[in-house]
Novice: 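Handing you this structure, nothing more for now.
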Number of protein chains: 2
Amino acid sequence: MNIGDVAERAGLPAKTIRYYEDIGLITPARSANGYRAFSDSDLHKLAFLGRARALGFSIEDCRALMQLYEDEHRTSAEVRDIALHHLDRIEQKIADLSEMRATLTGLVKSCAGDSRPDCPILESLANPDA
Amino acid sequence: MNIGDVAERAGLPAKTIRYYEDIGLITPARSANGYRAFSDSDLHKLAFLGRARALGFSIEDCRALMQLYEDEHRTSAEVRDIALHHLDRIEQKIADLSEMRATLTGLVKSCAGDSRPDCPILESLANPDA
DNA sequence: ATAGGGCTTCCAGCAACAGGAAGGTCAACA
DNA sequence: TGTTGACCTTCCTGTTGCTGGAAGCCCTAT
């Protein structure tokens, strides 16, 4: 398979696949003409990576997960640890964003949003204690 | 005021303040020795920026908000628009993260997390339809 | 032979800084 | 007066995960 084929099948841009090779996540073979020659195994790895990325795992997490996947002597505890840490980060982000949302919602509600210059949003940014 | 003073008062790292000058958000004066000489107005702007950034506004949003703040002929509708768009992005992010959290929570629950290699997390990444 | 599409590499850029090197400056203290 | 140490300066690199584009080779079809 050429890169265009795997790109379509794995649902990843060709650029991304080249990048994954660059950073050592995959190592596709090469044809005589210099084109990358992807095996089914490469495609499978790319799909794995795509799904892990879609769950928000970092590239380094993905690397670790792939290594565990290929390691018969892994323990499920190692995998779960990575997932749990990731879950923590996600929940922290949700908490941060929820706080922003709460504040912003309040500000937006208090702002008339008309043609006058008076604006509680700006006032709150400029002078929050007032 | 030197940069260390404003950094402490505005609650921003000195590096960040230099960066904000680089990209034209502030334009502090210079002392004879080449040090940045911050006015109260500069400090006020930096605090404004710090609060806007803490609410998750992008740098370009911050630039726009500052300009509106300094423009007597602004309308509160312009400000509200920026805030509403930002709120949209935040809610989208929260939605995305919540979906990740749901999936991950399910996976983590289904994984024993013990010393055995069998792991539904990896299986789901490798072969989601199975 | 030539046109088009796909492939290759390499370089630049995005957001919003952070880290660190090399060096100038200033106040204090011996 | 000399020197230490804290502070300031600029400049360059690195971060995360790609994306866009330029320059150029390859392959197929007409």
Side-chain angles (χ1 to χ4, degrees), chain A residues 1-38 42 45-46 48-66 85-86 89-90 92-93 96-97 100, chain B residues 1-38 42-43 45-46 48-66 82 85-86 89-90 92-93 96-97 100:
Chain A
M1 278 176 285
N2 281 348
I3 199 168
D5 303 322
V6 277
E8 187 171 354
R9 296 196 207 181
L12 292 172
K15 280 275 190 190
T16 298
I17 296 175
R18 289 194 196 99
Y19 173 65
Y20 287 174
E21 181 184 12
D22 257 17
I23 62 175
L25 284 179
I26 51 166
T27 43
R30 293 287 177 148
S31 305
N33 59 12
Y35 287 15
R36 288 169 184 83
F38 294 86
D42 292 324
K45 281 190 192 178
L46 287 169
F48 182 104
L49 291 169
R51 284 185 287 264
R53 291 288 300 136
L55 283 178
F57 284 107
S58 72
I59 290 284
E60 287 318 306
D61 279 350
C62 290
R63 194 190 300 276
L65 289 170
M66 282 250 309
H85 278 123
H86 180 42
R89 286 190 294 269
I90 284 181
Q92 186 57 57
K93 274 191 192 176
D96 292 347
L97 289 169
M100 290 178 195
Chain B
M1 279 176 285
N2 282 347
I3 200 168
D5 301 322
V6 278
E8 186 171 355
R9 295 196 208 183
L12 292 172
K15 281 274 188 190
T16 298
I17 296 174
R18 291 195 194 97
Y19 173 67
Y20 286 173
E21 181 185 10
D22 258 16
I23 62 174
L25 284 179
I26 52 167
T27 43
R30 294 286 178 149
S31 304
N33 59 12
Y35 287 16
R36 289 170 184 81
F38 294 86
D42 292 323
L43 173 56
K45 282 189 193 180
L46 286 169
F48 182 104
L49 290 169
R51 284 186 287 264
R53 291 287 300 134
L55 284 178
F57 284 107
S58 72
I59 290 284
E60 287 319 306
D61 279 350
C62 290
R63 195 189 300 275
L65 288 170
M66 282 248 311
I82 295 177
H85 278 124
H86 180 42
R89 285 191 294 271
I90 285 180
Q92 185 58 56
K93 273 191 192 176
D96 293 347
L97 289 169
M100 290 180 194

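So you know, we letter chains A, B, ... as the sequences are listed, proteins then strands, and number each from 1.
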Novice: Rounded to the nearest 0.5 Å, what's the gap from CD1 on A:Ile90 to CD on A:Gln92? Could you check?
Specialist: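 Going from the CD1 atom of A:Ile90 to the CD atom of A:Gln92 covers 12.0 Å.
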Novice: Quick check: does any side chain N or O of A:Arg63 sit under 3.5 Å from a backbone N or O of A:Ile23, one acting as donor and the other as acceptor?
Specialist: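 A pair under 3.5 Å: yes.
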Novice: Enter the distance from A:Leu12:CG to A:Leu49:CG here, rounded to the nearest 0.5 Å.
Specialist: 7.5 Å
Novice: Rounding to an integer number of Å, can you tell me how far B:Asp22 CG sits from C:dA15 P?
Specialist: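 Going from CG in B:Asp22 over to P in C:dA15 covers 14 Å.
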Novice: Where each residue is assigned the nucleotide of DNA chain C containing its nearest heavy atom, which of B:Ser58 and A:Ala37 is assigned the position nearer the 5′ end?
Specialist: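 So the residue in question is A:Ala37.
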Novice: Checking A:Arg89 side chain against A:Lys93 main chain: does a donor-acceptor pair fall under 3.5 Å?
Specialist: no
Novice: Do the side chain of A:Asn33 and the main chain of A:Tyr35 share a donor and acceptor less than 3.5 angstrom apart?
Specialist: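 Yes, because the side chain of A:Asn33 sits within donor-acceptor range (under 3.5 Å) of the backbone of A:Tyr35.
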Novice: Select base, sugar-phosphate, or nothing to describe what A:Ile3 touches, counting heavy atoms under 4.0 Å on all strands.
Specialist: sugar-phosphate
Novice: Should B:Arg9 and B:Met1 count as side-chain neighbours, where that means a heavy-atom distance under 4.5 Å?
Specialist: yes
Novice: May I ask you to test the A:Leu25-A:Lys45 pair for a side-chain heavy-atom distance under 4.5 Å?
Specialist: no
Novice: Return the value, rounded to whole Å, for the distance between atom NZ of B:Lys93 and atom C1' of C:dA15.
Specialist: 10 Å
Novice: Is a side-chain donor or acceptor of A:Ser31 paired with a backbone partner of A:Gly34 at a separation under 3.5 angstrom?
Specialist: no
Novice: From the 5' end of DNA chain D to its 3' end, which nucleotides mark the outer limits of contact with chain A, defined by a 4.0 Å heavy-atom distance cut-off (strictly under)?
Specialist: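 Contacts span D:dG17 to D:dC27, reading 5' to 3'.
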Novice: For a 4.5 angstrom cut-off between non-hydrogen side-chain atoms, does B:Arg53 reach B:Tyr20?
Specialist: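 The answer is yes, as the side chains (C-beta and beyond) meet within the 4.5 Å cut-off.
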Novice: What are the two closest heavy atoms between B:His86 and B:Phe57, and how far apart are they?
Specialist: NE2-N, 3.4 Å
Novice: Taking 4.0 angstrom as the limit, do A:Glu21 and A:Arg30 come out as a salt bridge?
Specialist: yes
Novice: Mind calculating the distance between OH (A:Tyr35) and P (C:dG5) to the nearest angstrom?
Specialist: 14 Å
Novice: Axis-to-axis angle across the helix from C:dA1-D:dT30 to C:dA30-D:dT1, five pairs an end, to 10 degrees?
Specialist: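 The angle, to the nearest 10 degrees, is 40°.
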Novice: Does anything in residues 9-20 of chain A come within less than 4.0 Å of DNA chain D? Heavy atoms only, and list the residues if so.
Specialist: A:Pro13, A:Lys15, A:Thr16, A:Tyr19, A:Tyr20
